[in-house]
*Asks:* 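Structure incoming, see below.
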Number of protein chains: 2
Amino acid sequence: MYTRAEENYLKCIFHLEQEQKGAIATNAIAQMMNTKASSATDMIQRLADKELVAYRRYKGTSLTKEGVAVAVAVVRKHRLWEVFLVEKLNFQWDEVHEIAEQLEHIQSEELITRLDKFLDHPDYDPHGDPIPDKDGNIKKTEKKVLSDMSKNQQGILVGVRETSGEFLQYLDKRKIAIGSKIKVLGIEFFDGSMIIQVKEEQFFISKKIAENLYIQVLHKNQ
Amino acid sequence: MYTRAEENYLKCIFHLEQEQKGAIATNAIAQMMNTKASSATDMIQRLADKELVAYRRYKGTSLTKEGVAVAVAVVRKHRLWEVFLVEKLNFQWDEVHEIAEQLEHIQSEELITRLDKFLDHPDYDPHGDPIPDKDGNIKKTEKKVLSDMSKNQQGILVGVRETSGEFLQYLDKRKIAIGSKIKVLGIEFFDGSMIIQVKEEQFFISKKIAENLYIQVLHKNQ
DNA sequence: AACTTATTTTAGTTGAGACTAAAAATAGAA
DNA sequence: TTCTATTTTTAGTCTCAACTAAAATAAGTT
Ligand SMILES: [Mn+2]
Ligand SMILES: [Mn+2]
Ligand SMILES: [Mn+2]
Ligand SMILES: [Mn+2]
């Protein structure tokens with residue numbers, strides 16, 4: 001078994017590897033972990049001793065096979081608990097992350113197996129992120145960020161990048177949710193802002209918002 | 001917020017206070033916590049600094065009002081989670097304690113409020129122990145241990161003292177469960193063993209078993 | 001009361017995981 | 001290439017929660 005801190009660092013490195021290719025900088029890890037670079041170095045070295053990461057000083061860090069396995073297991077637990085909180089306890093999707101940050105560290109294979117079954121083997125969490133299966137396989141949907149779409153394209157909102165309460169509440173207020181059909185009506189080239197259509201309503205959204213919405217593009221006949 | 005270790009010590013002291021009156025000996029705490037007396041002293045002194053316990057060196061420890069409140073909140077969480085594990089995830093009653101030991105430390109008022117509602121505000125956990133309400137009130141039933149009952153008395157099994165897997169499986173094997181009606185058919189004065197009747201069947205049980213079964217005594221007409 | 005034993009506390013270490021400050025390495029600019 | 005700014009690592013310190021060994025206190029026995 002690994003400690004809570006070890007699990008959190010592994011998960012952090014895993015998420016960073018999803019976004020960038022190549023070794024992860026110590027500073028990036030420290031920043032995401034809300035800690036100092038020296039603390040990150042410290043932990044990275046411990047993880048390297050345990051062969052959970054490959055680490056070359058000054059060069060960066062990457063997860064080993066075992067490191068990935070541990071990280072994915074934690075992500076699986078996190079997302080399953082988020083589903084539980086929303087589906088069974090009726091939390092809003094912006095309220096569950098902090099609690100799942102705690103629940104993801106509960107150690108019991110059997111618990112997760114049964115929770116997964118109780119939830120009817122969900123494929124996605126409330127934010128549209130895929131839930132790894134028991135063997136660590138992650139169903140990856142080819143999605144693009146809304147800001148990369150062009151005029152008149154349309155698609156389904158399948159996920160969000162940001163998960164802060166403020167952002168999710170911003171979406172709620174506009175009734176934009178996972179599964180919403182979104183059409184790009186116009187793009188302002190100067191600042192990347194957009195006019196989009198969701199159901200009957202049209203919204204102006206900044207580039208910053210558009211960069212945090214994952215869309216599965218629909219083609220003509222869909 | 002208190003640390004996991006602090007919560008565990010407070011809960012431990014709480015349970016000891018339920019069984020004995022007066023200040024709790026350091027050794028008793030150390031023993032229940034599976035640690036050394038010196039470690040217990042250390043933590044007790046920290047708890048005393050935070051005014052969670054009243055402590056007089058060499059004399060013993062007792063919980064303050066605040067200490068009781070923290071302990072009861074942890075017990076509430078522990079028992080609610082046990083109900084969840086048994087009622088919703090279909091665990092056996094002997095499998096849930098270890099997992100609940102972890103879940104009881106999850107920090108979220110809202111989570112417990114919603115879990116309680118989801119479970120339909122249960123009064124007792126799977127082992128027959130009362131679940132404190134949100135304000136810390138514990139419904140105490142006057143129960144006695146089976147070994148204190150006399151011949152021909154009968155009652156309902158309302159709780160177990162031991163919660164080890166071996167003991168609970170022993171009961172399962174004999175189909176003795178919370179709610180079972182038990183009648184004392186005979187007592188052997190030499191060793192305190194008993195012959196009891198449960199439904200249609202009769203069992204011989206040792207004094208040790210009888211001391212770990214809590215019974216609500218039924219009178220003549222019940 | 002004095003001696004012996006059991007309990008409890010103190011003193012000193014350890015490891016995990018954080019921190020600050022200083023040193024070392026790397027990358028970018030001149 | 002050499003200087004400078006940035007990144008990263010090392011060294012040393014801190015707190016929490018455990019440990020062992022030794023000292024202090026309490027309890028029990030003769
Ligand atoms: Mn989350
Ligand atoms: Mn999520
Ligand atoms: Mn329990
Ligand atoms: Mn219980």
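Note on naming: letters A, B, ... go to the chains in the order of the sequence lines (proteins, then strands), and numbering restarts at 1 for each one.
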*Asks:* Considering only heavy atoms, which members of residues 3-29 of chain B lie under 4.0 Å from some atom of DNA chain D?
*Replies:*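 Residues of residues 3-29 of chain B under 4.0 Å from DNA chain D: B/Thr3, B/Ala5, B/Tyr9.
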
*Asks:* What residues form a side-chain contact (heavy atoms from CB on, under 4.5 Å) with A/Gln18, not counting sequence neighbours?
*Replies:*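 side-chain contact (heavy atoms from CB on, under 4.5 Å) list for A/Gln18, sorted by chain: A/Phe14.
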
*Asks:* Does B/Lys36 have a side-chain nitrogen or oxygen under 4.0 Å from the phosphate oxygens OP1 or OP2 of D/dT20?
*Replies:*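 Result: yes.
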
*Asks:* Under a criterion of less than 4.0 angstrom to any heavy atom of chain B, what are the 5'-terminal and 3'-terminal contacting nucleotides of DNA chain C?
*Replies:*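 The footprint of chain B covers C/dT7 to C/dT10.
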
*Asks:* Closer to the 5' end of DNA chain C via nearest nucleotide, is it A/Lys59 or A/Ser39?
*Replies:*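 Nearest nucleotide further toward 5': that of A/Ser39.
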
*Asks:* Taking ring pair (Phe, Tyr, Trp, His ring centres under 6.0 Å) as the definition, give me every residue that meets it alongside A/Phe84, ordered by chain and number, with sequence neighbours left out.
*Replies:*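 A/Trp81, B/Phe84.
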
*Asks:* Could you state the CZ-C1' distance from A/Arg57 to D/dT9, rounded to the nearest angstrom?
*Replies:*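 Whole-Å distance recorded here is 7 Å.
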
*Asks:* Taking only residues two or more places apart in sequence, or in another chain, which ones meet B/Lys143 in a salt bridge (charged side-chain N to carboxylate O under 4.0 Å, His left out)?
*Replies:*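 Partners of B/Lys143 under the salt bridge (charged side-chain N to carboxylate O under 4.0 Å, His left out) test: none.
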
*Asks:* Any chance you could lay out the salt bridge (Lys or Arg N to Asp or Glu O under 4.0 Å) test for B/Glu104 and B/Lys11, step after step, and finish with the verdict?
*Replies:* CA-CA 11 Å; B/Glu104 72 188 4; B/Lys11 183 164 62 96; 3.2 Å; yes

*Asks:* With B/Gln102, which residues qualify under side-chain contact (heavy atoms from CB on, under 4.5 Å), at least two apart?
*Replies:*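 So B/Gln102 forms a side-chain contact (heavy atoms from CB on, under 4.5 Å) with A/Ile106, A/Gln107.
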
*Asks:* Holding to ring pair (Phe, Tyr, Trp, His ring centres under 6.0 Å), I want the full list of residues that pass it with B/His78, two or more places apart in sequence or in another chain.
*Replies:*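 B/His78 satisfies ring pair (Phe, Tyr, Trp, His ring centres under 6.0 Å) with B/His97 once adjacent residues are dropped.
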
*Asks:* Identify, with sequence neighbours excluded, every residue that meets salt bridge (charged side-chain N to carboxylate O under 4.0 Å, His left out) alongside B/Glu17.
*Replies:*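 B/Glu17: no salt bridge (charged side-chain N to carboxylate O under 4.0 Å, His left out) contacts found.
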
*Asks:* Could you list the residues that satisfy side chain to side chain donor-acceptor pair (under 3.5 Å) with B/Asp42, not counting sequence neighbours?
*Replies:*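 Applying side chain to side chain donor-acceptor pair (under 3.5 Å) to B/Asp42 gives B/Arg46.
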
*Asks:* Evaluate whether atom CD of B/Glu19 has more than 12 neighbouring non-hydrogen atoms of other residues, nucleotides or ligands under 6.0 angstrom away.
*Replies:*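 Above 12, so yes.
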
*Asks:* Which of residues 40-51 of chain A have a heavy atom under 4.0 Å from DNA chain D?
*Replies:*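 Nucleic-acid contacts, sorted: A/Thr41, A/Gln45.
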
*Asks:* Does B/Ser164 have any side chain to side chain donor-acceptor pair (under 3.5 Å) partners at least two apart in sequence or in another chain, and if so, which?
*Replies:*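 With neighbours one apart ignored, the set is B/Glu162.
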
*Asks:* Quick one: A/Arg56 CZ to D/dT7 C1', roughly how many Å, whole number?
*Replies:*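 Interatomic distance, CZ of A/Arg56 to C1' of D/dT7: 16 Å.
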
*Asks:* Toward the 5' end of DNA chain C, which comes first, A/Asn34 or A/Tyr58, by nearest nucleotide?
*Replies:*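 Closest to the 5' end, via its nearest nucleotide, is A/Asn34.
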
*Asks:* Sorted by first residue and then second, give each side-chain hydrogen bond (donor to acceptor under 3.5 Å, both in side chains) pair with at least one member in residues 50-61 of chain B; sequence neighbours left out.
*Replies:*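 Passing the test, one end in residues 50-61 of chain B: B/Glu6-B/Lys50.
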
